[in-house]
Amino acid sequence: MTAKRDVGSAPVRGRRVLVRVDFNVPQDANGQVADDRRIVEAMPTLNHLRASGARTILLTHLGRPGGHPDPRFSLRPVVHRFSAILGQPVPLAEDIIGYKALEMSARLENGQFLMLENLRFHPGEEANDPGFASQLAHLGEVFVEDAFGTVHRAHASTVGVPRRLPSFAGFLVEREVRELSRLIDEPERPYHVVLGGAKVADKLPLLSSFLGRADAVLIGGALAFPFLAAQGNRLGATKVEAGLEKAVDEFLSAAEGAGTEILLPEDLVVERSGSAGVETAGIDHVPADGIAQDIGPATRARFAGRLAESHTVFWNGPLGRAEDTRFAEGTREVLARLGSVTGYHVAAGGDSARIAQDLGVTGSFQFISTGGGAALEFVQGLELPGLAVLPDA
Ligand code: ADP
Ligand code: 3PG
Ligand code: MG
């Protein structure tokens, strides 16, 4: 993908700069920020703006409050954490596009910051309402897009505002585009893709996008079950997403036509009802009361062995129910062994980034995207509205 005009060349001194960030961070039971990676990754842009004497107004959403104010989705704890990282106070404008927000933005001095309350408290954000977008744009003079995780949404803050102001890509967006483009623009071969996770129907387009582009796709997690079931394996009491037989057949014959090899599990870690222990079973020998929860040791060895031959790897989705340590070993072992393979390794996905961190395998990757859905759409080669709207360099 062509590089975008970036914030390094934006005229910002003394100007009010609207920056769309993706501070949609996980929160703990008390609402506190549980993982501040998305904030930390935006700091290069925000530090640059501070050092350049900009008057920065931050725009973000948090969760899915549905177009009306809801205290559970307030940015209060997020702005608190951001202030601590920045090392200076950052006020929160609760009325978003109201009189107070306008007044607070007008009073900003060079190097100061203001954050608007959750954009999704207003129905105009997700609807990309022209009136809402105009009022947002009115708060600033320049727009910077640094919310890579949200560029797949055509919302007021991601397309409405940049259509109304001189716009630039932030350093995080620039880096994400540069890194993820390496998977699309002639990746060094062999190129192997490892996919796991749950919702199969959602991930079929992603899977299909690799046919003809990757040399092999290694499938684990619950994603593998409809494939194993379609091949006639009996998976005991495992829940298998229904109605996918035809899609799975079509996918497998398309893979054959495209010359992309599909690797499926040969053994599984199985949980039995009424027992805390786990056992390993071949894919055609899952006991009637057994629920498959992870790939088995033979599969791990085969997957890791195949990845050892790769030059480029893309990973999304755990190979088992990795939140439970009993079922994390498949994902942990395969990704840990990837760490000793020389090549270019990228991870993406909302849950995947967190799981890689929990399993201590982030060091196996040269790049871990801050995007969930956005990164998965990008690597499929889809056009993302929040990027398309930005001028090229
Ligand atoms: P991402 O958000 O990174 O795209 P997904 O949401 O697709 O990843 O996958 C994460 C979820 O998949 C996790 O909650 C995990 O527990 C679930 N999962 C993976 N394998 C299994 C399995 N064998 N059985 C049940 N759930 C699974
Ligand atoms: C994400 O976490 O993937 C982004 O912040 C986008 O959130 P959304 O899926 O609610 O639009
Ligand atoms: Mg997920």
Side-chain angles (χ1 to χ4, degrees), residues 20-27 35 37-39 41-42 59-67 73 78 118-120 125-126 128 146-155 157-158 176 194-204 206-207 219-228 235-241 265 268-271 278 283 286 290-296 299 314-331 334-335 346-359 368-380 384-386:
R20 182 42 159 114
V21 287
D22 187 348
F23 285 0
N24 181 29
V25 293
Q27 293 171 277
D35 175 4
R37 185 167 162 255
R38 280 179 163 178
I39 301 175
E41 298 278 10
L59 317 175
T60 183
H61 73 285
L62 178 66
R64 295 175 175 176
F73 296 100
V78 175
N118 194 340
L119 297 177
R120 291 187 186 175
E125 166 62 359
E126 286 172 270
N128 187 17
D146 216 20
F148 181 75
T150 318
V151 291
H152 59 319
R153 306 289 184 218
H155 294 169
S157 65
T158 58
E176 292 267 5
V194 187
L195 292 180
K199 290 162 269 160
V200 185
D202 286 0
K203 290 217 173 160
L204 271 173
L206 176 69
L207 267 169
I219 303 177
L223 198 60
F225 300 155
F227 291 88
L228 297 175
L235 298 175
T238 307
K239 267 208 204 87
V240 181
E241 223 173 298
L268 298 161
V269 173
V270 170
E271 181 179 29
V278 299
I283 48 173
V286 178
I291 299 175
Q293 301 278 24
D294 193 8
I295 56 171
T299 306
F314 175 69
W315 169 60
N316 164 253
L319 302 178
R321 198 155 62 77
E323 291 87 349
D324 184 326
T325 51
R326 294 175 300 161
F327 310 121
E329 197 48 30
T331 309
V334 171
L335 298 184
V346 174
D351 294 298
S352 301
R354 175 180 50 80
I355 287 167
Q357 211 156 22
D358 292 347
L359 298 179
I368 299 181
S369 178
T370 55
L376 300 185
E377 288 193 24
F378 190 98
V379 301
Q380 286 175 58
L384 306 182

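Read the numbers this way: they start at 1 and go in the same order the structure lists the ligands and their atoms.
- For ligand 2, the atoms sitting less than 4.0 Å from at least one non-hydrogen atom of Arg153 are 8 (P), 9 (O), 11 (O), numbered in the order shown with element in parentheses.
- Remark: side-chain polar atoms of Arg120 are paired, donor with acceptor, to backbone N or O of Gly63 under 3.5 angstrom.
- Interface atoms of ligand 2 facing Asp22, defined by a heavy-atom separation under 4.0 Å, are 4 (C), 5 (O).
- Among Gly320, Ala198, Gly196, Ala348, the residue whose heavy atom sits closest to atom 19 (C) of ligand 1 is Gly320.
- Of the protein's non-hydrogen atoms, the one nearest atom 7 (O) of ligand 2 is His61 NE2, 3.3 Å.
- Taking every heavy atom of Gln293 and a limit of under 4.0 angstrom, the matching atoms of ligand 1 come to 23 (N), 24 (N).
- Panel note: side chain Asp35, backbone Pro26; no donor-acceptor pair is recorded below 3.5 Å.
- Counting only distance, with no hydrogens or angles, the side chain of Asp294 and the backbone of Val269 share no donor-acceptor pair below 3.5 Å.
- The closest approach between Pro318 and ligand 1 falls below 4.0 Å for a heavy atom of the residue.
- Between the side chain of Thr158 and the backbone N or O of Arg153 there is at least one donor-acceptor pair closer than 3.5 Å.
- Ion pairing between Arg326 and Asp324 holds under the 4.0 Å rule for side-chain N and carboxylate O.
- Nearest to the Mg ion (ligand 3), among the N, O or S atoms that Asp351 has, is OD2.
- Between Asp294 and ligand 1, no N or O atom pair is found at a separation short of 3.5 Å.
- The nearest heavy-atom contact from the protein to atom 8 (P) of ligand 2 is Arg64 NH2, 3.5 Å.
- Below 4.0 Å from some heavy atom of Gly221 lie the following atoms of ligand 1, by number and element: 20 (N), 23 (N).
- Side chain of Thr150 to backbone of Asp22: no donor-acceptor contact under 3.5 angstrom is found.
- For the pair Ile283/Phe227, no side-chain contact is recorded, criterion being any heavy-atom separation below 4.5 Å from C-beta on.
- Here Phe225 has side-chain heavy atoms under 4.0 Å from ligand 1, and that is the only part of it that gets that close.
- Under the 4.0 angstrom criterion for non-hydrogen atoms, Gly149 is in contact with ligand 2.
- Protein heavy atom nearest atom 21 (C) of ligand 1, with residue, atom name and distance: Ala222 N, 3.5 Å.
- Between the side chain of Arg38 and the backbone N or O of Thr370 there is at least one donor-acceptor pair closer than 3.5 Å.
- Of the protein's non-hydrogen atoms, Asp351 OD2, 2.9 Å is the one closest to atom 6 (O) of ligand 1.
- For Arg120, every heavy-atom contact with ligand 2 shorter than 4.0 Å involves the side chain, none the backbone.
- Heavy atoms of Asn316 found under 4.0 angstrom from ligand 1 belong exclusively to the side chain.
- The single protein non-hydrogen atom nearest to atom 16 (O) of ligand 1 is Glu323 OE1, 2.6 Å, given as residue, atom name and distance.
- The distance from atom OG of Ser157 to atom CG of Leu59, rounded to the nearest 0.5 Å, is 6.0 Å.
- For atom 26 (N) of ligand 1, the nearest non-hydrogen atom from the set Arg321, Lys203, Lys199 belongs to Arg321.
- Looking at Leu319, Val278, Val270 one by one, the single match for side-chain contact (heavy atoms from CB on, under 4.5 Å) with Phe327 turns out to be Val278.
- For atom 9 (O) of ligand 1, the closest heavy atom belonging to the protein is Gly197 CA, 3.2 Å.
- Below 4.0 Å from some heavy atom of Asn24 lie the following atoms of ligand 2, by number and element: 1 (C), 2 (O), 4 (C), 5 (O), 7 (O).
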Worksheet entry | Stepwise side chain to side chain contact (heavy atoms under 4.5 Å, CB included) check, Glu271 with Arg321 | CA-CA 11 Å; Glu271 181 179 29; Arg321 198 155 62 77; 4.2 Å; yes
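- Here the heavy atom of the protein found nearest to atom 1 (C) of ligand 2 is Arg38 NH2, 3.5 Å.
- Panel note: side chain Asn316, backbone Ala348; a donor-acceptor pair is recorded below 3.5 Å.
- Panel note: side chain Thr60, backbone Phe23; a donor-acceptor pair is recorded below 3.5 Å.
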